[in-house]
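Please read these numbers as outputs of a predicted model, since none were measured by experiment. Ligands are counted one by one from 1 in listed order, and the atoms in each one are counted from 1 as well.
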Amino acid sequence: MAKPQVLIAGGGIGGLATALTLHQIGVPCQVFESVREMKPLGVGINLQPNAVRELYDLGITEAELDEIGVPAQEWALVGLNGNDVYSETRGRLAGYQWPQYAVHRGHLQMLLYRKVVERIGADAVRLGARVSGYRRLPDGGVSVQVAYADGARADVPAALLLGADGIHSAVRAQMHPDQPPIHWGGSIMWRGVTWAKPIRTGASFVGLGTHKHRIVFYPISHPDPETGLALINWIAEVTSDDETQLGGGWFRPVPIETFLHHFADWTWDWLDVPALIRSGEFAFENPMIDRDPVPTWVDGPVALLGDAAHPMYPTGSNGASQAIVDARVLGALMCDHGTTPAALAAYDVRLCGPISRLVLRNRGAGPFGLLNLVDERCGGRFDNIDDVIPPDERSAFMADYKAAAGFAMETLNRAPATIAPGARVAAVATSQQVEAV
Ligand SMILES: Cc1cc2nc3c(=O)[nH]c(=O)nc-3n(C[C@H](O)[C@H](O)[C@H](O)COP(=O)(O)OP(=O)(O)OC[C@H]3O[C@@H](n4cnc5c(N)ncnc54)[C@H](O)[C@@H]3O)c2cc1C
């Protein structure tokens, strides 16, 4: 492996997409990942068409995505009476040039990890290596403090450090020492997966209930040809004012009985929610958390990306997508400015403001805000949704959200590739190359 020019803290989806991007444009990099072993953790996530486009441009194929997920065909909100509040086609069916995928988060991370190892080398991701801080150097570079699982510590110099170390980012904590603690949105989610028959189109994202009490579910695998069953990802959610829930941490395994009662009578002739949850293989409790936006993601030669930059509520299903887009925008700007703080400053100008606004918008329930409107206007009870929110208003609401999140169809279809095929960073500065890490 060539000597690293850019160090990346965190080997999640954002960090690995960044490593693949840097390799593609000819920039040597090194990922430090705190876990000792990569495991396919997590459950379902959505990859919006703008992120799928970037994955294709990284040489990740449709066949590979089909192994870890399923192209989404529909996005629907359904009221407690079982009637549709809103539905629309998604991905290619809707006219996007790229599909939207619902995938298993852990399997996507493992796919990206395999690609990094194949393309860059076995040492490209250093496992058991926690980034604890950084020091800006007088020559404009950065020295990165790394604590290894065997107890060793090192200060590793580089031209740039990219903090992709997630919602509890150590890089962000140093960059913004006065940031407020994690912000809790007053609701609890329980996530799990169940083998079940997919409903509606067979690849539908369904949000059912009210803005205070709902279940979201969608398949993350193609159906088994013999049984017709697909792996269905579900997220059951209720609002709560019990702040002690925050102490439970992020992704705490819990018995299904602890929350099943919230959905005990949620049965229709087309859906049995208690059965769906009860047949789950496991459940994780997950408070709805994010962080207040910060005014900048950049400190000279150091930048944040992914959840380290913009942890957001999953209501818009675009946390992972935005992490991938961040990586690609960084790569594009390095093609223009080299591996320099100027590239990071341009990235900050391009994304920090709009994506911080998106974080706040997701607090207002993101696209689920339609359910708030239903609740405000008719207490959630309606026969014909057109009498409550006219079709034009519903469509405008969704179009507005997609524009803010960067996947408005016409804009995306017309946009040139973020990184032109064959683009490379012209001159990689040599002053910060290091001998070994
Ligand atoms: C274990 C796990 C499971 C998840 N499951 C889901 C899910 O089911 N559904 C969902 O919507 N979202 C889930 N997420 C969040 C989702 O992956 C992110 O919102 C999104 O993909 C953006 O990814 P990211 O790479 O910015 O952050 P993350 O995916 O959080 O990745 C950050 C990476 O950095 C590593 N890291 C943390 N601190 C340091 C440090 N100091 N030094 C070095 N490495 C460090 C972490 O181990 C992790 O691998 C999960 C995240 C994690 C870590």
Sequence neighbours left out, cut at 3.5 Å: what donor-acceptor pairs do the side chains of residues 345-353 make with other protein atoms?
| residue | atom | partner | partner atom | Å |
| --- | --- | --- | --- | --- |
| Y347 | OH | L304 | O | 2.7 |
| D348 | OD1 | W297 | N | 2.9 |
| D348 | OD2 | T296 | OG1 | 2.5 |

Residue pair T89 / Q73, side-chain heavy-atom distance below 4.5 Å: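 No, too far: nothing below the 4.5 Å cut-off.
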
Polar side-chain atom of S221 near backbone of L231 as donor-acceptor pair, under 3.5 Å: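 Checking the backbone N and O of L231 against the side chain of S221, a donor-acceptor pair under 3.5 Å is found.
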
Which atoms of ligand 1 sit under 4.0 Å from any heavy atom of [X]?
| X | value |
| --- | --- |
| G42 | 3 (C), 5 (N), 8 (O) |
| G14 | 24 (P), 25 (O) |
| L41 | 1 (C) |
| A164 | 32 (C), 33 (C), 34 (O) |
| G306 | 26 (O) |
| G166 | 27 (O), 30 (O), 32 (C) |

Proximity flag G44 to ligand 1, non-hydrogen atoms under 4.0 Å: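 Under 4.0 Å: yes for G44.
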
Sub-4.0 Å heavy-atom approach of A129 to ligand 1: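 A heavy atom of A129 does come that close to ligand 1.
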
H213 and H262 aromatic ring geometry - parallel, tilted or perpendicular at 30°/60° bounds: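 If you compare the ring of H262 with that of H213, the planes turn out perpendicular.
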
Aromatic plane relationship, Y313 with H183 - under 30° parallel, 30 to 60° tilted, over 60° perpendicular: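 Ring orientation, 0 to 90° scale: parallel.
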
Crowding at CZ, R36 (>12 non-hydrogen neighbours, <6.0 Å):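 Count not over threshold, so no.
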
Heavy atoms only: which of [options] is nearest to [atom]?
| atom | options | result |
| --- | --- | --- |
| atom 12 (N) of ligand 1 | I45, D307, I13, V43 | I45 |
| atom 42 (N) of ligand 1 | L112, D165, V131, I324 | V131 |
| atom 9 (N) of ligand 1 | R105, R191, R172 | R191 |

Any donor-acceptor N or O pair under 3.5 Å, side chains D326, Q322: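 The criterion, which ignores hydrogens and geometry beyond distance, is satisfied for Q322 and D326.
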
Return a table of donor-acceptor pairs under 3.5 angstrom between the side chains of residues 10-19 and protein atoms on other chains or two or more places apart.
| residue | atom | partner | partner atom | Å |
| --- | --- | --- | --- | --- |
| T18 | OG1 | G14 | O | 2.7 |

